Structures are given as structure tokens and as C-alpha cells.
Number of protein chains: 2
Amino acid sequence: MRVRNLDVAREAGVSPTTVSLVLNDRTQVALAPETKRRVQEVAARMGYRPNLLARSLLSGRTQTLGVIIPSLSSSYVARIVEGMQEEAGDSNQQLLLTDTRHDPETEAAQMELLLRHSVDGVLIVTGESTLRSLPERLRVLREAGVPCVVIDDQSHAEQVDCVVSQDRIGAEMAVTHLIELGHRRIAHLSGGSGTSTARDRLSGYRRALKRASIPFQSEWVAGRSFSVAAAAQALEALVSLPKPPTAYFAANDRLWAEAIQALRPRSARLLRNAAVVGYANYDFSAYLGISSVDQSPQSLGKAALRRLLDRIETPSMPPQCLELPVNLVVRNSSKPVGSSAP
Amino acid sequence: MRVRNLDVAREAGVSPTTVSLVLNDRTQVALAPETKRRVQEVAARMGYRPNLLARSLLSGRTQTLGVIIPSLSSSYVARIVEGMQEEAGDSNQQLLLTDTRHDPETEAAQMELLLRHSVDGVLIVTGESTLRSLPERLRVLREAGVPCVVIDDQSHAEQVDCVVSQDRIGAEMAVTHLIELGHRRIAHLSGGSGTSTARDRLSGYRRALKRASIPFQSEWVAGRSFSVAAAAQALEALVSLPKPPTAYFAANDRLWAEAIQALRPRSARLLRNAAVVGYANYDFSAYLGISSVDQSPQSLGKAALRRLLDRIETPSMPPQCLELPVNLVVRNSSKPVGSSAP
DNA sequence: TTCCAATACTAAACCGATTTAGTAATGACG
DNA sequence: CGTCATTACTAAATCGGTTTAGTATTGGAA
């Protein structure tokens, strides 16, 4: 059915070795130009397509990378994967994508499969629900000798390469921006303390307040996780404070949008004039006019894949944590204090 | 480094054959229970992980499916892939994802790579920009004898399996809904005539008008493609009609949102009171309160993958076109005619 | 003429599993 | 006691490439 090396060899009247040498351009070995031309012509004519399985079995390289993500629903994650795709395409790598659906067991099972498929390396985009099982995943990878890059978590930076965004700085930029708009009562809708990104954003928030000599008030920070329910509850609490905040820094745009959506109408009305800066700059952030800190997830993905390829080539490098810059996108929700415009 | 069948065999004092028989539960061959137990124990202890490359080379099956998408930026596409993931996980299949970035050449090159990797089948999510090259892709796949399912286009339904949504019916539902809200001047922001989905939506729009005895007016239909520029221009034209429409049926939510975004402030103000029903029900549609026709893209992905697996098992089946149902999600943008509420 | 080097190509081993065809040992039966 | 079936296992071929170590041929130099 499928044309093999041997078929081409027969048709061209040479040995499989010669076919292999010609098609892989092995110039160390002398070859008559005429033979070379003939083999190429025959291979093209017959539609020869090398079987990468066979090649990989011998070489131990598959040109295939495993990608583990918590879910593709998040357009933030989707963009990271897009960035990986782009870089992978340029480097002739294929991506085996596996979605864990936020489930550590699925993650474990899928990673096992990736290893059986002999991926050359693995890219892990961390998620709130799979963070706890990350050390176990890393252990398995280390034992298998398969390189790995972790995205969006730096808790294991001494053991393994990771790529994150400058979350603390991003948060600081966002809050400083609100302060410059004249706000003093600035709340933080937090993602809790379960992820290093959420912790960094809180830390940036505090730093910005401190630099402006605004005392930190613990009741201005609410939110236990990146879940909608937690966010809605937290936002409700913030808006119900005796002296409600005039501005909000949300750890995530989606969190903000969903929370607003879920709030009772009264609370939602109270929020109408508040200033907001969010995080992650989803597509819809533009439609909603929410100012947001953009991490350019594509760059994250590209950088991670680039790093993984480097690591595969030079396994001995010391692990490194790449922190990519972020930038603030200002939109309508950056309202100056006291404004009552829509 | 990696534990092989042979290593397990040596350790357990049996032949590789026996190891293979035990681990694959080949009961046709008699095996002493004690041997079986020992082999299993040794394999587990040594962390044996079968090399699927070797297995595939022999069997001709890789348990790997190629997925070709125009881009992961669209959350609609991302959801389709999510659905595939889910079904794939249940069937022990791996997905090789390739993003063509809307470029036919990248698509061709990537598909070539997928074939070299011996995927068992290919899932193609069509995009406006890669539709023209689809016949060529299908030809190559047919020649290679690799099964394929096409998503979101039924132009080749006699040759190849396809999975689409009931777009005509969805459009009819949307427009009928607007008619029931009392609207008569209903415009259609179209996706042009380049894709069968856009054509079907237009056709559903016309059917709904006809059933309500509203004469079709060609100036009420605008839009040449699913691009933002085209949509903004089209919407501008519609809103500037001497008697502007009171309601809009948009071929796509994103198109609508982006067009609004791009419009001049004056036109945007004119639209504030118009009723809208969109298509595709993106996440942000809920945040913006846009009524929308939901195709449940996950189901599309699941159905497509299911069909592909069936096709792989039974290559002789006649090609089939699956049309999945859609449903209308009603939100704030479903304003009755003459309303001036926000 | 003989020897060596360069040229052009190839035979065979190998990657790690599965599978087919077969062997050795045991036991039952006539 | 010989034969045949059954049980428990294995040797070797195979998948489709790449690579190593080689062979045959030619030409030039001594």
C-alpha cells in the first residue's frame, strides 16, 4: 500500500541504504550525481513518504512534544498553546495535546501515555487543580529522563525549567495606574493563595499601595480561588463594605466578568461607577472595555517550547526560570476617582 | 536507560514472547498462573513502559489522530477540540494538533507531517481561508488511505464523512424569534458566501422571513466574509439605511462584537436600542448579554472523533453527513420592537 | 605491474515490540 | 510401550527505516 524505502530502492535499482543516504542528504558518503538525481526523481514520482515511526525507533527521537493543559476552555491557555504551535511549526516538531479537564488522575494517565509514545519532552501548563500533583508528575518525568518545562508556576524552579509572567510587576503596574487615577480605596479581587500567580498578584498589589503610602487593609482583599463561585461571593463582600472601594484590581478578567454576571442586581448597580483593572486581557476584555494586564500568552508558549528544545539538546544546563514582561492595556474601565460617567 | 521488554524478560527468567503475552493478556496461549504473576510483578517493579513506536511499526496502528484547525484563537474552535479531547481520552487515542494559522501552505506541510507520523486518521476543522485547498487535502488523504472527517463544511459530503450543525434551522430559529418579538425590519450581518455555514445561515434567515410573509430585501443583508473589517463596514452600511433595521441577526457573535467595537461612535449609538441575535454563543456573549444560537461545539468535536473511529474500524461504510441540532439562548439583546430600555 | 587511495555503492545489524510456528515435557489412552 | 493431545513456553521473523563496516571498481603513482 504505502511506498517504502525498499520500493523506491527496487524501482531505482539501488539499495535501501543508497535511498536513505540520498534522501537524508548524507554528504559524508560519496554518491554519483546521476544516482542521486534518479533516486530523488523515483521517490518523488512514487510519492514516497518516510515512516517516522521506524526512524524514531532507531534514533530514539520522535520530534514530538507532549503538551499538558488543564483545559482548552480558557482562551488564555488556548493562546499559550497557539504560541507553542507557532514555534513548533518552525522547528518541525509535532504537539501531542492532552487536556486533563482539571483532573489529576486524567493528568497522570495521559502523561503515562505520552511517555509510552516516546515524546521528546513535555510542556506542562499548570492549573489550580493540578498543582498539587505537579511534584509527582515531575518525579515521573525525571525518572523517565524526559525533559520538561513548566508554565505559570515557579514553585519548582530549582529542579525544572519554568516560564512565567512578571505577575508581581504586572499587578504593581495595574494598581499604580489606579492610584494615579486618584483612587485610594482600591480593592483586590484575588485568586486566593493556591497558585503562585495569585500570590504574586496580591504581592504586587501590596507593593503598589506601600509605594503610595496607602495602608494595606485586609478587608479590601477577597477571593479564595479562581472559581466563579468564590469570586462572586468575594465581590459581593467587597461591594458591601461600609465604605465601598472606588476601584478594583481583579486577579483575572474572566473572574471579574463572571462575578459581575453572578452578582445580585443591587450589587451590580453599585459597581457601575467603579474603576477596574483586570488581568489576562481576554478577547472579551476589549468588548467590555476592561483595562487589563496583558501577559501575551503566545510569547509564553513560544518561550516555553523554545526552552524545551534547548533543554533537549543540552540536558546538562542548569534549570532556569524565565519571567516574561507584561503590559497594561488601558480601556474605559480606567475611570478617574469620583467620575460618574458610564 | 528505559526498561524494555527484554529487560523484564531477563529479570523474570522468561522470554520476551512470554512477557508480551502476559502483559497483553493473550489468553489464547496457555500460561502458568505463577509465571503470569511473576512477570506482572517484575514489570511493575521495574517500571516497564511498552514502547508504542515499536508496537505501531508492527501493527500499522498508532492510536494517534491528526487534528487540523485554522487557529486556536477562536474559542469556538477551541471548544470543538475540547470535545475531541474528551472523546479521545475515553478511547485511548492521542491527538496531534496542528494549527494552520489560516494558511493553506502550512496546512499542506503539516498534513504531510501527520502522514509521516502515521496517524490513523485526520480530523479537519475547516476555516474560511483553507476551504479552497480542502479538495487537495482530501485527495492526498484518499491516496494515502487515511480516513478523515470534515467539520463545519459539507461541500464534499458524498466523498467524505462530515459533521456540521443545523445552521439553516438555527438561523431560522433566531430570526423567527426576532419576528415573534414584533420586529419586521430585520437585517442580517452575513459571513458572505465563501462558507457553507454562512450560506446556510442566510438561507435560514430568508426562510424565516418568508414564513412570516416579510418580503426579503437584499439591502438588509450585508457582509462578505467572517473578517472584522468586512463586518464593520457591513454593519455601518446597515445602520445607515434610510429606515434602519430594528433588529439584527448576526452570522457570528464575535463578528458582531468586533464590528460594534470598530464602528464610529455615532453608528454605535444608533445600535444601542436594536435587538440582536448572534451565532456561536461565545463565552463573552453571556457577558455582553447577546442572545445567540449555540451549536455546542464540544458535541461537534465528540461526534466527529466518534465517527472517525468508526470509519477506521469499518472503512467500507458509505460517507455520511451528521447534522447536529442547535439551540437558541435568549438574553438581554432579545429586545421587543419599539423598546427603549438599555 | 603492483599497490594504495579514492569512489560508489551495499550487506547486515539494529531499534523494541508482536506474532507465527514450533519445541520440549508431561500425561492419558489404547 | 508408543502415540497423540495438551500444556507451557520460546526462537526467529517481522515492521521500515538508519548506520556501520565493508566490498568492488577505477585511477594514479611508484
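Because the structure is predicted, anything quoted here is derived from the model rather than measured. By convention in this document, chain letters (A, B, ...) are assigned in the order of the sequence lines, proteins followed by strands, and residues within each chain are numbered from 1.
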TODO: Please determine if a side-chain N or O atom of B/Thr18 lies less than 4.0 Å away from the OP1 or OP2 oxygen of D/dC9.
DONE: no

TODO: To the nearest Å, give me how far apart CG (A/Leu6) and P (D/dG17) are.
DONE: 9 Å

Task: Electrostatic pair B/Arg37-B/Glu34, nearest N-O below 4.0 angstrom - done: yes

Open item on the list: Taking salt bridge (charged side-chain N to carboxylate O under 4.0 Å, His left out) as the cut-off, I'd like each qualifying pair that reaches into residues 138-152 of chain B, sequence neighbours left out, listed once.
Closed with: B/Glu136-B/Arg139, B/Arg139-B/Glu143

Below 3.5 Å between N/O atoms, which protein atoms pair up with nucleotides 20-25 of chain D? Just atom names and distances, please.
none

Task: Closest non-hydrogen atom pair between A/Val3 and A/Tyr48, with its separation - done: O-CD1, 3.4 Å

Open item on the list: Check this for me, if you would: do B/Arg307 and B/Asp310 make a salt bridge, where the nitrogen-to-carboxylate-oxygen distance has to be below 4.0 angstrom?
Closed with: no

Task: Length of the CG-P vector between B/Leu57 and C/dC14, whole Å - done: 17 Å

Open item on the list: To check you understand the geometry: which heavy-atom pair defines the closest contact between A/Leu300 and A/Ser165, and what is its length?
Closed with: CD1-OG, 3.9 Å

Task: 5′-ward residue of the pair B/Leu58/A/Arg55 relative to DNA chain D - done: B/Leu58

- [ ] Quickly work out the A/Asn5 CG to D/dT19 P distance and round it to whole Å.
- [x] 12 Å

- [ ] Rounded to the nearest angstrom, tell me the gap between atom CG in B/Leu52 and atom C1' in C/dT18.
- [x] 13 Å

Task: Residue-phosphate contact under 4.0 Å: A/Tyr48 side-chain N/O, D/dG16 OP1/OP2 - done: no

Open item on the list: If I take atom CG in residue A/Asp25 and atom P in nucleotide D/dT19, what distance separates them, rounded to the nearest angstrom?
Closed with: 13 Å

Open item on the list: When you compare the side chains of B/Thr17 and B/Ser20, does any donor N or O come within less than 3.5 Å of an acceptor on the partner?
Closed with: no

Task: Separation of atom CZ in B/Arg116 from atom P in D/dT18, rounded to whole Å - done: 10 Å

Open item on the list: Under 4.0 Å from OP1 or OP2 of C/dA11: is there any side-chain N or O of A/Ser15 that close?
Closed with: no

Open item on the list: What contact category does A/Asn51 fall into here, base, sugar-phosphate, or nothing, at under 4.0 angstrom with non-hydrogen atoms?
Closed with: sugar-phosphate

TODO: Remember a base hit wins even if backbone is also touched, and classify A/Ser59 as base, sugar-phosphate or nothing at under 4.0 Å, heavy atoms.
DONE: nothing

Task: Listed nucleotide nearest any side-chain atom of B/Ala32, set C/dT18, C/dC9, D/dA8 - done: D/dA8

- [ ] Could you check whether A/Val19 gets within reach of a base, just the sugar-phosphate, or nothing at all, counting any heavy atom under 4.0 Å?
- [x] nothing

Open item on the list: Please determine whether side chain to side chain contact (heavy atoms under 4.5 Å, CB included) holds for the pair B/Leu141 and B/Leu115, giving the CA-CA distance in whole Å, both sets of side-chain angles, and the decisive distance to 0.1 Å.
Closed with: CA-CA 8 Å; B/Leu141 286 170; B/Leu115 292 179; 4.0 Å; yes

Open item on the list: If you compare every side-chain N and O of B/Arg4 against the phosphate oxygens of C/dA17 (OP1, OP2), does one of them come in below 4.0 Å?
Closed with: no

Task: Residue pair B/Ser118 / A/Arg2, side-chain donor-acceptor N/O under 3.5 Å - done: yes

- [ ] Assess whether atom CD of B/Glu105 is packed by more than 12 heavy atoms of other residues, nucleotides or ligands within 6.0 Å.
- [x] no

Open item on the list: Using a heavy-atom cut-off of 4.0 Å across all strands, would you classify B/Ser56 as base, sugar-phosphate, or nothing?
Closed with: nothing

TODO: Report the end-to-end axis angle of the helix from C/dT1-D/dA30 to C/dG30-D/dC1; each axis comes from five terminal pairs, and the value is rounded to 10°.
DONE: 80°

Open item on the list: Without decimals, in angstroms, what is the distance between A/Leu53 CG and C/dT18 C1'?
Closed with: 15 Å

Open item on the list: Just by distance, no angles: are the side chains of A/Thr62 and A/Asp120 close enough, under 3.5 Å, to form a donor-acceptor pair?
Closed with: yes

- [ ] Send over the distance from B/His117 NE2 to D/dG16 C1', rounded to a whole Å.
- [x] 15 Å

